[in-house]
Amino acid sequence: MALYKKDLLVYNTLKGVKERFVPVREDRVGMYVCGPTVYGEAHLGHARSAITFDIVYRVLKYLGYNVRYVRNFTDVGHLVADSDDGDDKVEKKAQAENKEPQEVAQYYEMMYLRATDALNCLRPNIMPIASGHIMEQIEVVKILMDKGLAYESEGSVYFDVEKYNDTVKKYGILSHRTLEDTLENSRELSGQQEKRNPFDFALWKKAPKEHIMKWDSPWSLGFPGWHLECTAMGRKYLGAEFDIHGGGMDLIFPHHDCEIAQSVGAFGDMPAKYWLHNNMITIEGKKMGKSYNNFITLTEMFNGSHPLLKQAYNPMTIRFFMLMAHYRSTLDFSNDALIAAEKGLARLMEAKAKVGTLKESKESSFDVHKIINDALDAVCDDFNTPIMIAHLFELCKHINSVADNKETITKEDKEFLQTSLDAIVEDILGLKDEKGGNDTQVIDGLMSLVMDMRAEARSNKDYATSDKIRDALKELGIEIKDSKDGATWRLM
RNA sequence: GGUCUCUUGACCGAGUGGCUAGGUGCCGGUCUGCAAAACCGUUUACUCCAGUUCGAAUCUGGAAGAGACCUCCA
């Protein structure tokens, strides 16, 4: 299925450089991505992460790897920042909405999946939830206790960062900061008297009386710590060392550094070989996020209901907008940029649809293979989708020129172009035509009738009728384009 | 305060020590009964200052501005 076998370069946060991707095992690739915390609706930032790693997944598959893709839903354990009482976000939301925590979590899980489906992100092979893996997490805590890397205090268990740092491995290798830095700059947070050091993090947290999400453990009735789920579930589904661990850049510290410390402390191995992180979506230059309360949800994007939106944007526009920027750059939201993406995507898709109709010649006036090859090189160079897309637009220009009889293409090149474009646009970039619906057959039939009638009116120079048809269709959201070879139409 | 990153044309956004990224917009043209669309072409770019170099937007130093992480976060 792969057109070419290529080397893949990935930027590894751990090393701080791009390096060649060499899987841990020859036969398959394991990828774990930190998914959303399900206490609220998915926003544009979640979409970026989902799309980034969807591209990673698609490229790996395209290159012929057998990939197991795991992405979790965090439904327990994320404590509210500004309180020291161990509130759980999902639980807090549940209390506010008078629902079961599981009900809240599941509601947002489904919403997230509907949104990522619409964005044409392939579903991961496994989507584990934290609350379904309490036993596994308790096991990790036990191992860390046995090794003396964790201590119990008032029914809670904390990871002993200093001991780990001194006896096992340096803490902070992913974020490239030293324990000294961390120590100097840790803020004074309340509720830290249980810990030996302010930078120690919870592995198990004793639940306050009114807490309803709690499980039995050797230490207390409580719930697992913030970072533990990924360690436990990653290992369970992908093994001791898997290939790729992904997530947003804001997870590098402390989340992924803590995960590394736990995993290495408990099992001795780095959980993953390559650590990939997508950058943030910004809005007016500021990071978009729930905590900042400046986010636009995907539902709002799809229906245009947010006050900052000039119009609704369909999911493919949003996907294309994100792919026009590199995943490690911040991407600033703006209506103008989204509209530009919408138009560019339409142009690309129309050119692609035109390939089959191109006239074949004895020679090609341009090098199809080179452009396709360049496009594939780009995406294999740390998933550089903007460059790949630039090459696709180069092809658009050639396709349009051939259609206009200004350039030529051979039968072989045309077939290659068709196959390659389908593979790149649909399989790798995951872009699809929005139009397809169940009633397309009926609409097509009706439209061909209407178009025939209009063509007849025009040939009789009955422009009053032909204009009336055109205007009425426009009101219905159907646009007519007249050309030399007859008229075509499209849904606007 | 500590650590780090960024600053590209009207807008978005790649990239590189020397060769037009690309998209959108604008303008010009082609097409057209008209219009729209489409297509083609064009368009004052690399924050500032100094240095290295035959040559820097790209490397080094400094300045200004912006941002991220240090706390839950995609």
Side-chain angles (χ1 to χ4, degrees), chain A residues 16 33-37 39-40 42-53 74 77-83 87-89 172 175-178 180-187 189 199 226 246-255 277-282 285-292 295 320-321 324-326 328-348 350-351 354 378 384-394 396-397 399-401 403-404 406 458 461 463 466-467 470-471 474 479-484 487-490 492:
Chain A
V33 175
C34 288
T37 312
Y39 63 93
H43 55 69
L44 271 181
H46 294 106
R48 187 166 204 200
S49 186
I51 290 169
T52 296
F53 291 101
T74 296
H78 277 249
L79 306 181
V80 171
D82 57 357
S83 70
D87 263 353
D88 183 286
K89 278 180 175 171
S175 57
H176 305 109
R177 61 184 79 185
T178 64
E180 292 70 41
D181 290 343
T182 311
L183 183 58
E184 278 174 27
N185 297 301
S186 274
R187 286 193 205 173
L189 293 174
F199 43 70
W226 319 342
M249 271 188 185
D250 49 354
L251 297 181
I252 294 172
F253 190 89
H255 183 58
H277 296 93
N278 64 278
N279 214 319
M280 304 290 103
I281 298 280
T282 59
K286 296 267 190 295
K287 176 178 163 181
M288 180 180 289
K290 282 181 196 131
S291 323
Y292 297 80
F295 61 91
F320 192 66
F321 167 67
M324 293 222 299
H326 190 255
R328 283 191 290 113
S329 301
T330 54
L331 174 58
D332 200 54
F333 162 86
S334 77
N335 281 286
D336 289 348
L338 260 309
I339 291 166
E342 185 175 54
K343 291 183 179 170
L345 177 60
R347 181 153 169 259
L348 176 62
E350 283 185 28
K354 215 185 276 183
N384 200 323
T385 51
I387 298 274
M388 174 176 249
I389 289 168
H391 289 301
L392 296 184
F393 279 113
E394 208 180 319
C396 284
K397 208 167 271 187
I399 291 166
N400 287 326
S401 294
D404 215 16
K406 286 176 181 142
R458 290 184 77 219
K461 304 234 188 269
Y463 296 123
S466 69
D467 287 356
R470 184 172 66 194
D471 295 344
K474 191 160 195 173
E479 181 178 64
I480 289 192
K481 305 178 195 177
D482 287 321
S483 79
K484 256 191 304 210
T488 58
W489 60 276
R490 72 172 183 112
M492 287 190 286

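Reminder, nothing fancy here: chain letters follow the sequence lines and each chain counts from 1.
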Peer 1: Can you tell me if the side-chain N/O atoms of Lys286(A) get under 4.0 Å from OP1 or OP2 in rA66(B)?
Peer 2: no

Peer 1: So what does Met280(A) hit on the nucleic acid, given a heavy-atom distance under 4.0 Å: a base, only sugar-phosphate, or nothing?
Peer 2: base

Peer 1: Looking at Lys287(A), does any N or O in its side chain come under 4.0 Å of the phosphate oxygens OP1/OP2 on rC69(B)?
Peer 2: yes

Peer 1: Would you say Ser334(A) reaches rC11(B)'s phosphate, i.e. side-chain N/O to OP1/OP2 under 4.0 Å?
Peer 2: no

Peer 1: Whole Å only: how far is the CG atom of Leu331(A) from the P atom of rU8(B)?
Peer 2: 14 Å

Peer 1: Closest approach to the side chain of Phe321(A), judged atom by atom: which nucleotide of rC72(B), rC12(B), rG23(B) is it?
Peer 2: rC12(B)

Peer 1: Does rG17(B) pair with anything, Watson-Crick or G-U wobble, both distances under 3.5 Å, and if so, with which nucleotide?
Peer 2: none

Peer 1: When we call it a touch if two heavy atoms are under 4.0 Å apart, what does Asn279(A) touch: a base, just sugar-phosphate, or nothing?
Peer 2: base

Peer 1: If you compare all heavy atoms of Leu251(A) against all heavy atoms of Gly247(A), which two are closest, and at what distance to 0.1 Å?
Peer 2: CD1-CA, 4.3 Å

Peer 1: Should rA68(B) form a Watson-Crick or G-U wobble pair with both distances under 3.5 Å, which nucleotide is its partner?
Peer 2: rU3(B)

Peer 1: Considering only atom P, compute the distance from rG13(B) to rU47(B) and round it to an integer number of Å.
Peer 2: 15 Å

Peer 1: Evaluate side-chain contact (heavy atoms from CB on, under 4.5 Å) for Lys290(A) paired with His46(A), printing each intermediate quantity in order.
Peer 2: CA-CA 11 Å; Lys290(A) 282 181 196 131; His46(A) 294 106; 3.5 Å; yes

Peer 1: Given the C1' atoms of rG25(B) and rU44(B), what is the spacing between them in whole Å?
Peer 2: 16 Å

Peer 1: Please work out if His391(A) contacts a base, only the sugar-phosphate, or nothing of the nucleic acid, heavy-atom cut-off 4.0 Å.
Peer 2: nothing

Peer 1: Counting only Watson-Crick pairs (N1-N3 plus N6-O4 or O6-N4) and G-U wobbles (N1-O2, O6-N3), all under 3.5 Å, who is the partner of rA38(B)?
Peer 2: rU30(B)

Peer 1: Side chain of Ala390(A), heavy atoms from C-beta onward: which of rC34(B), rC70(B), rA21(B) has the nearest atom to it?
Peer 2: rA21(B)

Peer 1: Quick one: label Ile281(A) by what it contacts on the DNA or RNA (base, sugar-phosphate, nothing), any heavy atom closer than 4.0 Å.
Peer 2: base

Peer 1: Just the rounded figure in Å: distance from P of rA38(B) to CG of Asp404(A).
Peer 2: 14 Å

Peer 1: If the C1' atom of rU71(B) is compared with that of rC11(B), how far apart are they to the nearest Å?
Peer 2: 35 Å

Peer 1: Quantified in whole Å, what is the C1' atom distance between nucleotide rC46(B) and nucleotide rU58(B)?
Peer 2: 9 Å

Peer 1: Can you figure out which of rG13(B), rG33(B), rU24(B) approaches the side chain of Asp332(A) most closely?
Peer 2: rG13(B)

Peer 1: Please determine if a side-chain N or O atom of Lys343(A) lies less than 4.0 Å away from the OP1 or OP2 oxygen of rG25(B).
Peer 2: yes

Peer 1: Does a side-chain N or O of Lys397(A) approach OP1 or OP2 of rG41(B) to a distance below 4.0 Å, or not?
Peer 2: yes

Peer 1: Should Leu44(A) and Phe295(A) count as side-chain neighbours, where that means a heavy-atom distance under 4.5 Å?
Peer 2: no

Peer 1: For the C1' atoms, the ones on rA21(B) and on rA14(B), what distance do you get once it is rounded to whole angstrom?
Peer 2: 6 Å

Peer 1: Report the C-alpha distance between Thr74(A) and Tyr39(A) in whole Å, list the side-chain angles of each, state the deciding distance to 0.1 Å, and finish with yes or no for side-chain contact (heavy atoms from CB on, under 4.5 Å).
Peer 2: CA-CA 9 Å; Thr74(A) 296; Tyr39(A) 63 93; over 6 Å; no

Peer 1: Asn384(A) side chain N/O closer than 4.0 Å to the phosphate oxygens (OP1, OP2) of rA14(B)?
Peer 2: no

Peer 1: Taking only side-chain N and O atoms of Arg328(A), does any of them lie within less than 4.0 angstrom of OP1 or OP2 on rA68(B)?
Peer 2: no

Peer 1: Of Thr282(A), Thr330(A), Ile281(A), Leu331(A), which is the lone residue that meets side-chain contact (heavy atoms from CB on, under 4.5 Å) with Met288(A)?
Peer 2: Ile281(A)

Peer 1: I'd like the P distance from rG23(B) over to rG41(B), given in whole Å.
Peer 2: 10 Å

Peer 1: Distance check: side-chain N/O of Arg470(A) vs OP1/OP2 of rA37(B), anything under 4.0 Å?
Peer 2: no

Peer 1: Just call it for Ser466(A): base, sugar-phosphate, or nothing, with non-hydrogen atoms closer than 4.0 Å on any strand.
Peer 2: base

Peer 1: Looking at Thr330(A), I'd like to know whether one of its side-chain N or O atoms comes within less than 4.0 Å of OP1 or OP2 on rU5(B).
Peer 2: no

Peer 1: Give a yes/no verdict on base stacking between rG33(B) and Tyr463(A): centres under 5.5 Å, planes within less than 30° of parallel.
Peer 2: yes

Peer 1: Taking atom P in both rU5(B) and rU60(B), compute the distance separating them and give it to the nearest angstrom.
Peer 2: 11 Å

Peer 1: May I ask you to evaluate whether Arg177(A) reaches the phosphate of rG2(B), defined as a side-chain N or O under 4.0 Å from OP1 or OP2?
Peer 2: no

Peer 1: With P as the reference atom in both, quote the distance from rA57(B) to rC49(B) in angstrom, rounded to an integer.
Peer 2: 11 Å

Peer 1: Which part of the nucleic acid, if any, lies within contact of Gly344(A), taking any heavy atom under 4.0 Å across all strands shown: a base, the sugar-phosphate backbone alone, or nothing?
Peer 2: sugar-phosphate

Peer 1: Pick base, sugar-phosphate or nothing for Asn400(A), based on heavy-atom distances below 4.0 Å to the nucleic acid.
Peer 2: sugar-phosphate

Peer 1: So which nucleotide from rC12(B), rA14(B), rC72(B) ends up closest to the side chain of Pro254(A)?
Peer 2: rC72(B)

Peer 1: With a 4.5 Å cut-off on side-chain heavy atoms, are Phe253(A) and Arg177(A) touching?
Peer 2: yes

Peer 1: Is there a side-chain contact between Tyr463(A) and Lys461(A) in this structure, where contact means two heavy atoms from C-beta onward sitting under 4.5 Å apart?
Peer 2: yes

